[in-house]
Q: 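If you scroll down you'll find the structure; I have some questions about it.
Letters A, B, ... are given to chains in the order of the sequence lines, protein chains preceding strands, and every chain is numbered from 1.
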Amino acid sequence: MSTYTIGIAGNPNCGKTTTFNALTGAHQHVANWPGVTVEKKIGHLTRNGDSLEVVDLPGTYSLTAYTQEELVARNFLVDERPEAVIDVMNADALERNLYLAVQIMELGVPLVLGLNMMDEVRKNGKTIDSARLAALTGCAVVETVARNAHGTDELLKASVSLAAERRGEWKPLHISYGPDLDPVLARMTALIEESAFLTDRVPARWTGIKYLERDEDVIVKGRMADTAVSDRLEAMAREVAEHMQKTLKAQPDALIADYRYGFIAGIIKDVVTYPLLDEDRISRSDQMDKVLTHTLLGPLIMIAIVYLIYKVTFTVGEIPMGWLESLFGVIGDAASNALPDGHLRSLIVSGIIDGVGGVLGFVPLIIFMFLMISALEDSGYIARMAYMLDRVFKIFGLHGTSVLPFIVSGGIAGGCAVPGVMAARTLRSPKEKLATLFVAPYMTCGAKVPVFLMLAAAFFPAHAATVMLAITLGAWCMALLVARALRSTVIRGECTPFVMELPPYRMPTLRGVLIHTWERTWEYVKKAGTVILGISILIWAMMTFPQLPADRVAHYEALRQAAQTEEAAADIANAESEEAMLNTVAGRIGAALEPLTKHAGFNWRTNIALTGGFAAKEVIVSTLGTAYSMGDVDPEDAEPLSERLLADPAFTAASAVALIIFTMLYAPCFVTVVTMARESSWRWAAFSVVGSTTLAFVMAVIGYHVTRAFL
Amino acid sequence: MSEPFCLRKAKVNQMLKIVTVSAAGELGRRIRDMGLIPGTECKVIGKAPLRDPVALRLKDFTLTLRNSEADHITVREQEG
């Protein structure tokens, strides 16, 4: 009866997540590593009376301090001292996968090597001598095919018995780093040991290696622990680095990598047997790449696939979305009938049910998009998309994979920024991801389409299609240009290197795709129940309170009594709604902003509508209707509103152009903002709201004045 | 023995052996993490539609590399 923590490490694309899923099944939950947006997945299980906590570490190629993922993985090993670690390896690329394993061995954590994808090894005609590998590395070795759950139970068994046997004892591996580094490393190790420098946490020699590699994280921690010792170690490292630069024209970290690979090459020679004539055999994957990344066919097929994702998400997803809408409509009606007229009813129906219903309406879109994106990612195609598009997107400081968030957000008019922002998950490079998150909501999402259609129908009736095309292209231009601007200012810096694995094409497993989709969807639904519900109530309150004073209500009541026809009564009711709206917090904000927004040609009515648009963009049309005393306007059939706008002398074609530009660029709806915060940080999401709205206003003013000058 | 040249100039399907990797910092580290160190055998098996990046086949797997990153690597042609 013991309690063990078991970490699962491994390279990206090695089947680490598949192994984790096979080990823990449904007993897992997702959290975040403290302070970073890297995901932490934990599974709990009991085995023969032992209770196990299995932690999925981020996929990394090594344990340096260059990326958040690597730091998270390394700090987990050092700080939480798991009783055992499983390194899941793609056995088909054993040499490269051992590079991470060797670094874990240098720490000395009890390690089990999981040789995954043994089916591919056999298919490629290679043989691996696992017993020999175990003897050479001193680690338990288990062969697995995680996608069929072959060997995963043995893997768990091996790690539990290793944990029981070693009882938390670390046995660091010593690799020789050659005549240039070994002597200084020995001196450093002696100094570290005699001053007990960080030795309560990590092996002395490991600290020495990290100082030679100039690992910032370890050096900062060292300075905090003991500045004098740290200074001496840094001086020693600097001295040998300068000497090496003169004699070998290389840095210690490069030499260390060479010796590690040398050590690994020695193992490989003994363990792996390659088939003869391997060079002539073209793998199936390479053959597929000849077509799928072909100069002409490649991009064409990619366009077709992207279009297919888009089509399936929005045409198939629309069907269950309609069911959800009707369901919430029924619930809303039931609540309306059951509750007495008043604030409570308004709060429950308009605030809670409409708000949460609107948000849950996105769930089918998220499900369908993630089903397809997970399948594409597991198959290896997403890496090819990045490969083909990188040259174009690099110009704008983005990454090839940015294309997916753009398209799903509405790069083809009619998308949705919520799943679009979530699609940015596939981006592994942090700076490019931030830029993509910021600009993806500029795309023409389905909720903006009615706004644009209504304005186009009113002011450019003969050219509605051209206007829509111009808007879609304009959104792309703005997104790319703003991304470029961001990457030259706030998130300046070199492009993240594109040294990236092109994994062989693999058939995605249904189980893997379903688990992935479920995780994403559930995470979103949880948000809908908490943050999003709160904001939705807040927006409702802003558009409801304060209400008209009693004397004004009485005034309208009297007018209604005096009304002769039903039409006249309806006009009075609409006038009352208009005045009521102007009286609310949102209305007052709109009115107060008029002196500023008149530069873009917006009156207070437009301002209220745009404020409401923060809840959801389609609200712009209905709110504008109320503000123009028209009662509720159906966004799907906004022709009367078009006519009404055309008749307003204060609302000109220039105002329409400005409004189109502003709607395209200003703050994304709050559901997107919440999702964006989840993908990056609240600070970044807030910056996006303020930054985009400012940009939108400036562009709208320019658009307004330019149009006025020419039309 | 042929003369070393920059990986950017390598032709598709030419058999190569890495001679030097001069990148430092993060790029150098990423290149080495992937196993691109002196002595490694590799071959450019394809180029993206706009000729950049390239797909580089190593013994066990394939990776992508931008031309600007290939500039830090010199290679020698392998016979046969």
Side-chain angles (χ1 to χ4, degrees), chain A residues 11 60-62 64 66-67 90 92-97 99-100 124 126 213 249-251 253-254 256-258 260-262 264-265 272 274 278-279 282-283 285-286 289-290 293-296 298-299 383-384 386-392 394 400 494-504, chain B residues 4 7-8 12-74 77-80:
Chain A
N11 287 182
T60 61
Y61 291 107
S62 70
T64 51
Y66 278 105
T67 65
N90 172 4
D92 198 35
L94 190 62
E95 190 165 355
R96 196 202 67 222
N97 279 257
Y99 191 65
L100 175 69
N124 291 338
K126 294 183 207 169
E213 286 181 335
K249 289 200 166 36
Q251 286 296 304
D253 55 342
I256 289 172
D258 287 355
R260 273 191 197 130
Y261 273 112
I264 292 165
V272 186
Y274 285 88
D278 184 49
E279 303 296 341
I282 301 171
S283 74
S285 195
D286 290 351
D289 266 336
K290 285 213 158 42
T293 64
H294 181 268
T295 312
L296 289 173
R384 269 76 182 181
Y387 167 67
M388 284 189 276
L389 283 169
D390 183 68
R391 188 71 193 85
V392 181
K394 195 179 76 173
E494 286 283 295
C495 291
T496 310
F498 198 68
V499 190
M500 187 182 82
E501 194 180 354
L502 273 186
Chain B
L7 178 58
R8 182 198 275 262
V12 173
N13 285 332
Q14 208 174 7
M15 302 295 295
L16 309 164
K17 190 172 213 164
I18 295 177
V19 182
T20 60
V21 178
S22 60
E26 181 177 6
L27 178 62
R29 204 264 314 164
R30 281 199 185 229
I31 288 177
R32 286 191 290 273
D33 279 357
M34 285 298 196
L36 296 178
I37 54 161
T40 308
E41 292 174 13
C42 60
K43 173 166 93 172
V44 175
I45 56 164
K47 297 189 174 195
L50 293 169
R51 304 284 131 217
D52 181 25
V54 298
L56 195 65
R57 174 89 191 153
L58 273 65
K59 197 171 180 186
D60 292 321
F61 65 100
T62 309
L63 56 82
T64 63
L65 199 69
R66 287 186 182 133
N67 283 333
S68 58
E69 291 153 4
D71 283 342
H72 298 277
I73 300 174
T74 61
E77 184 163 11
Q78 289 269 92
E79 281 97 55

Q: Evaluate the side-chain proximity of A:E501 to A:N11: yes if any heavy-atom separation is below 4.5 Å, no if none is.
A: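 No, side chains not in contact.
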Q: Is B:L27 close to chain A through its backbone or its side chain, or both, or neither, when contacts mean heavy atoms under 4.5 Å?
A: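 Both parts, backbone and side chain.
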Q: Side chain, backbone, both or neither: which part of B:R29 has a non-hydrogen atom closer than 4.5 Å to chain A?
A: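 It is the side chain, since no backbone atom gets that close.
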Q: Under 4.0 Å between a side-chain nitrogen and a carboxylate oxygen: does that hold for A:D289 and A:R384?
A: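 Yes, charged N to carboxylate O under 4.0 Å.
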Q: For B:R66 versus B:D52, what's the shortest heavy-atom pair and its separation?
A: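 Smallest interatomic distance, heavy atoms only, reads CA-OD1, 3.4 Å.
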Q: So do the side chains of B:E41 and B:K59 get within less than 4.5 Å of each other, counting heavy atoms only?
A: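 No; the side chains remain at least 4.5 Å from each other.
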Q: What part of A:L94 gets closer than 4.5 Å to chain B, counting heavy atoms only: side chain, backbone, both or neither?
A: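 For A:L94, backbone heavy atoms alone lie under 4.5 Å from chain B.
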Q: May I ask you to name which of B:I45, B:T62, B:L63 has the most heavy-atom pairs under 4.5 Å with chain A?
A: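 Answer, by heavy-atom pair count under 4.5 Å with chain A: B:T62.
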Q: Mind listing the closest non-hydrogen atom pair of A:D390 and B:P53 along with its distance?
A: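 Between these two residues, the closest heavy atoms are CB-CD, 4.0 Å.
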Q: Where on A:K249 is there a heavy atom nearer than 4.5 Å to chain B: the side chain, the backbone, both, or neither?
A: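 No part of it gets close to chain B.
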Q: Relative to chain A, which of B:I37, B:I31, B:D33, B:T20 shows the most heavy atom pairs under 4.5 Å?
A: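 Winner by heavy-atom pair count: B:D33.
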Q: Sort A:Q251 into side chain, backbone, both or neither according to what part of it lies under 4.5 angstrom from a heavy atom of chain B.
A: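 For A:Q251, no heavy atom lies under 4.5 Å from chain B.
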Q: Pick one of side chain, backbone, both or neither for A:T293, based on which atoms fall under 4.5 Å of a heavy atom in chain B.
A: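 Backbone only.
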Q: Could you have a look at B:N67, B:T40, B:V54, B:L36 and say which one has the most heavy-atom pairs with chain A under 4.5 angstrom?
A: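 Of B:N67, B:T40, B:V54, B:L36, B:V54 has the most heavy-atom pairs under 4.5 Å with chain A.
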Q: By a 4.5 Å heavy-atom criterion (distance strictly below it), what part of B:E26 contacts chain A: side chain, backbone, both, or neither?
A: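 Both parts, heavy atoms under 4.5 Å.
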Q: Less than 4.0 Å between a side-chain N and a carboxylate O, is that true for A:E213 and B:R32?
A: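 Judged by the 4.0 Å cut-off on N to carboxylate O distance, B:R32 and A:E213 do not form a salt bridge.
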Q: Go through the structure and list residues passing ring-ring contact (aromatic ring centres under 6.0 Å, His included) with A:Y387, not counting sequence neighbours.
A: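 With sequence neighbours excluded, A:Y387 shows a ring-ring contact (aromatic ring centres under 6.0 Å, His included) to no residue whatsoever.
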Q: Output all residues satisfying salt bridge (Lys or Arg N to Asp or Glu O under 4.0 Å) with B:E77, sequence neighbours left out; order by chain, then residue number.
A: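 Salt bridge (Lys or Arg N to Asp or Glu O under 4.0 Å) check on B:E77 returns nothing, list empty.
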Q: Go through B:E69, B:R30, B:R51 and name the one with the most non-hydrogen pairs under 4.5 angstrom from chain A.
A: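 Of the candidates given, the most pairs with chain A belong to B:E69.
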Q: If we define contacts as heavy-atom pairs under 4.5 Å, which of A:Y61, A:Y261, A:Y99 has the most with chain B?
A: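 Of the options given, most contacts go to A:Y261.
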Q: Can you give me the closest heavy-atom contact between A:S285 and A:P504, atom names plus distance?
A: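 Shortest heavy-atom contact: OG-CA, 3.2 Å.
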Q: Measuring heavy-atom distances to chain B, does A:T60 have an atom under 4.5 Å in its side chain, in its backbone, in both, or in neither?
A: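 For A:T60, there is no contact with chain B at all, as no heavy atom is under 4.5 Å.
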